[in-house]
Amino acid sequence: MSFPTVRLRRLRATPTLRDMVRETMLSASQLIYPLFVVHGRNVHEEIGSMPGVYHHSVDRLAAEIDELSALNIPAVILFGIPAHKDPIGQENFAEDGIVQQAIRAIKAANPAILVITDVCLCEYTDHGHCGLVRGNEILNDETLDVLGRVAVSHAQAGADVVAPSGMMDGMIGAIRAALDSAGYPGVSIFSYAIKYASAFYGPFREAADSAPSFGDRRTHQMDPANAREALREAQLDVEEGADMLMVKPALAYLDIIRRVRARFDLPLAAYNVSGEYSMVKAAAARGWLDERRVVLETLTAIRRAGADLILTYHAKDAAAWLQSWE
Ligand code: PBG
């Protein structure tokens, strides 16, 4: 049958009908909110390149957590900005490190909020690289030991989930082994399995002060031109014991989300990264885009591509808007 018997506009005629035939649902329960934590007291400082996103000191976290739970956002992912940087990133696995303090404060404020921690070296090292460095080389296997120590330290402080983002080969297996032998078999690993060497991370590097002092991340992060290789990355992480997978960034990589969804049965997340956020904020500030509609359309598209969960700086706004979306 075809037109005029078939008329697809029939099912678009009223808000009720449109709601009932909607294929993709977006809800606050699928959102993960990134938090940047800094030393000091009473710090709540907006990040220049990311309007609406702040550096928080530990004493300001409880208020933030209250706000998130009122919006039904179930999870945060923590990024720490250390007091001192060094070649190894000692504060990354220090008992009183900034992330360790933040985990304890959040769990004290609300134990039901899921605490995910980013596990990488780049915010903590003086050279800004995701691994240990010898000359101009980013070392792989030597870095795995440090990643294991960081994950265990986060688990000790009370993290529910660790999210390694450094794209070192073997990082999932090394972290699983370290967690298990330290007595944390119940802590999940959320792998940034497919992370591209992307210019969309620009604003984050200002927020986390993590830009590399020389070179770039192309010897470990993926070439944006590659898709089959993404499946190999995911496969390895699954074999090494990842509990959940992530594709990052999201918007320029919706095809990758779709392919990973089709091949693997693990929960899949997409990271709607800093540059994607800042572009929308900049255009909205000039009145060039309707921020609310663009954000909800974008997040719905990421879900439609196949992501179960979305890490996004828009989480709070989106959760509030969702309560009144049609
Ligand atoms: C690395 C890390 C980065 C992001 C998350 N974890 C930056 C990088 O790889 O340079 C980027 C997130 C974003 O842009 O929003 N620890």
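Keep in mind that what you see is a predicted model, and the values were worked out from it rather than measured. In this chain, numbering begins with 1 at the start of the sequence shown. Each ligand, and each atom within it, is numbered from 1 in the order the structure gives.
- Within the 4.0 Å heavy-atom cutoff, Y313 counts among the residues contacting ligand 1.
- Annotation: cation-pi geometry not satisfied between K281 and Y313 (NZ/CZ under 6.0 angstrom from ring centroid, within 45° of ring axis).
- Contact between E276 and ligand 1 is absent, with no heavy atom of the residue lying under 4.0 Å from the ligand.
- Judged as a side chain to side chain donor-acceptor pair (under 3.5 Å), and not counting sequence neighbours, the contacts of R60 are N42.
- In this structure, the protein non-hydrogen atom closest to atom 2 (C) of ligand 1 is K195 NZ, 3.2 Å.
- Contacts between F79 and ligand 1 below 4.0 angstrom, taking non-hydrogen atoms only, involve the side chain exclusively.
- Which parts of ligand 1 touch C122 is read off a 4.0 Å heavy-atom cut-off, strictly below it: atoms 1 (C), 16 (N).
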(message) Please determine whether side-chain hydrogen bond (donor to acceptor under 3.5 Å, both in side chains) holds for the pair E206 and S49, giving the CA-CA distance in whole Å, both sets of side-chain angles, and the decisive distance to 0.1 Å.
(response) CA-CA 7 Å; E206 177 190 327; S49 55; 3.1 Å; yes
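- Close contacts between ligand 1 and E123 involve ligand atoms 16 (N) [criterion: under 4.0 Å to a heavy atom].
- Looking at R259 and D255, no side-chain N of the basic residue comes within less than 4.0 Å of a carboxylate O on the acidic one, giving no salt bridge.
- Against a heavy-atom cut-off of under 4.0 Å, Y271 is close to the following atoms of ligand 1: 12 (C), 15 (O).
- Scanning all protein heavy atoms for the shortest distance to atom 4 (C) of ligand 1 gives K248 NZ, 2.6 Å.
- Here the protein heavy atom with the shortest distance to atom 14 (O) of ligand 1 is S274 OG, 2.7 Å.
- For Y124 and D86, the side-chain atoms include no donor-acceptor pair closer than 3.5 Å.
- Below 3.5 Å of separation, one finds no N or O of S210 facing any N or O of ligand 1.
- Among residues two or more places apart in sequence or in another chain, the side chain to side chain donor-acceptor pair (under 3.5 Å) test is passed with Q156 by none.
- The single protein non-hydrogen atom nearest to atom 12 (C) of ligand 1 is F204 CD1, 3.4 Å, given as residue, atom name and distance.
- Using a 4.0 Å cut-off to heavy atoms of C120, the atoms of ligand 1 that qualify are 16 (N).
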(request) Test side-chain hydrogen bond (donor to acceptor under 3.5 Å, both in side chains) on S153 and E95 and set out the steps. (result) CA-CA 7 Å; S153 171; E95 204 201 321; over 6 Å; no
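- In this structure, the ring of F204 has its center less than 6.0 angstrom from the ring center of F79.
- The R217 neighbourhood of ligand 1 comprises atoms 8 (C), 9 (O), 10 (O), with distances under 4.0 Å to a heavy atom of that residue.
- Which of H129, R205, M50 comes nearest to atom 8 (C) of ligand 1 through a heavy atom is settled by distance: it is R205.
- A donor and an acceptor atom, one from each side chain of E91 and H39, are located under 3.5 Å apart.
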